[in-house]
Structures are given as C-alpha cells and as structure tokens.
Amino acid sequence: MALIPQSDEQYLTEKGFQFEIKQSDKEVLLVLKNWSLPDSYTPTLVDLLIRIVPGYPLAPLDMFWTFPAVKLAGGGWPLNADVHQQLDGRSWQRWSRHYEWRPGVDNIRTFITGIKNEISLGR
C-alpha cells in the first residue's frame with residue numbers, strides 16, 4: 001500500500017526532489033533531502049520534513065520542519081520557528097505556518113508551493 005497518493009509521488013519524482021517517505025506511528029513523514037534556502041538563512045541546505053496526517057489529502061497538512069536548525073543570516077530565529085521536536089530520531093526545527101486547506105484541491109504540490117513562498121519572505 002502506498003504511503004502517499006501516487007499523484008504526489010509522481011509530482012515529487014518529476015520535479016527532481018530527493019525524498020524519503022516513512023511510516024511513523026499514525027502519520028507518514030515525507031523528508032525532502034537537500035532543500036535549498038535563500039542566502040537570508042543559514043545554513044542554506046537542509047532536509048525539510050512534512051508530516052502527512054491520517055485522512056490526507058482531505059485532512060490538511062500543517063507546518064513544516066527543517067534539519068539542521070535554521071537561523072536568519074543576522075543570527076535570530078525565523079518567525080515562529082524557535083521550537084524543536086524529536087521526530088524520527090532527530091531534533092527538527094518546527095516552522096509554525098498554517099495554511100488554509102482546500103479539501104479536494106490542495107495536495108503536496110500546493111503545500112510545497114506555500115512553503116517556497118513563505119521561505120522566500122526571509123523572515
């Protein structure tokens with residue numbers, strides 16, 4: 001049985017993402033490897049984690065996590081990203097970002113687009 005919808009896995013593959021999908025308790029962890037961040041952050045290369053909850057894609061995706069921890073180039077924490085959580089044996093930095101989820105419309109593609117837009121703000 002697939003851990004994420006085939007259309008999501010196809011999108012990730014077509015876009016050239018290096019990714020790993022793991023089952024973890026009741027949720028699925030999608031790790032996007034070697035995610036590039038703008039120069040307004042340090043480091044500029046991280047792993048990015050998306051927690052896929054039961055009921056997805058009708059149930060909303062919420063927040064994202066990075067490893068290692070990311071700071072703004074000036075030394076401070078990004079907005080609402082100063083909490084760390086243990087997930088899959090690593091201490092991940094949680095980026096508390098909440099998106100309006102449109103069941104039947106939104107998916108991994110739209111969620112990643114939201115993450116890219118948020119990160120581009122450099123805050």
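Note that these values count all heavy atoms, side chains included, but never hydrogens, waters or copies made by symmetry. Everything numeric in this text was worked out from a predicted model, so none of it was measured.
Between I52 and the options V28, L3, D8, L29, a side chain to side chain contact (heavy atoms under 4.5 Å, CB included) holds for only V28. A ring-ring contact (aromatic ring centres under 6.0 Å, His included) with F64 is found for exactly one of W35, W92, W95, Y99, namely W95. H84 pairs with exactly one of W77, W65, F67 by the ring-ring contact (aromatic ring centres under 6.0 Å, His included) rule, that one being W77.
Counting all heavy atoms, side chain and backbone alike, P5 lies closest to P57 at CG-CD, 4.5 Å. In terms of heavy-atom proximity, H98 sits nearest to D62 at ND1-OD1, 2.7 Å. Pairing each heavy atom of A59 with each of W101, the nearest pair is O-NE1, 3.7 Å. In this structure, E20 and K22 approach most closely via the heavy-atom pair OE1-CE, 3.2 Å. The shortest heavy-atom contact between D106 and E100 is OD2-O, 3.6 Å.
With rounding to the nearest 0.5 angstrom, the CD atom of Q23 is 11.5 Å from the NZ atom of K26. Within the model, atoms OG1 of T13 and CD of Q6 stand 10.0 Å from one another, a figure rounded to the nearest 0.5 Å. Interatomic distance, K116 NZ to L121 CG, rounded to the nearest 0.5 Å: 14.5 Å. Distance check, rounded to the nearest 0.5 Å: CG of L37 to CG of L48 gives 8.0 Å.
The closest side-chain heavy-atom distance from L45 to S36 is below 4.5 Å. Residues P68 and V46 are in side-chain contact: their nearest non-hydrogen atoms beyond the backbone lie under 4.5 Å apart. A heavy-atom distance below 4.5 Å is found between the side chains of V70 and Q93. The closest side-chain heavy-atom distance from L32 to I112 is below 4.5 Å.
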*Run the side-chain contact (heavy atoms from CB on, under 4.5 Å) check on I21 and E9 step by step: do they pass?*
CA-CA 9 Å; I21 304 168; E9 193 162 351; 4.2 Å; yes
_Working for side-chain contact (heavy atoms from CB on, under 4.5 Å), residues I119 and Y41_ = CA-CA 9 Å; I119 286 175; Y41 299 100; 3.7 Å; yes
_Pair L87, R51 - check side-chain contact (heavy atoms from CB on, under 4.5 Å), show working._
CA-CA 10 Å; L87 297 165; R51 292 170 69 181; 4.2 Å; yes
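A donor-acceptor distance shorter than 3.5 angstrom exists from the side chain of N107 to the backbone of T110, with no hydrogens or angles considered. In this structure, the side chain of Y56 engages the main chain of I108 through a donor-acceptor pair within 3.5 Å.
No path of Ile, Leu, Val, Met, Phe, Trp and Tyr side chains, each step under 4.5 Å between heavy atoms, connects L61 with M63, placing them in separate hydrophobic clusters. No chain of hydrophobic side-chain contacts below 4.5 Å, direct or via other Ile, Leu, Val, Met, Phe, Trp or Tyr residues, connects L12 to L49. Under a hydrophobic clustering in which Ile, Leu, Val, Met, Phe, Trp and Tyr are joined whenever their side-chain heavy atoms come within less than 4.5 Å, directly or via other members, Y11 and V31 fall into different clusters.
By the neighbour-count criterion of 12 heavy atoms within 6.0 Å, atom CG of N34 is densely surrounded, having more than that number from other residues, nucleotides or ligands.
E14 and Q10 form a side-chain donor-acceptor contact under 3.5 Å, judged by distance and modelled atom types alone.
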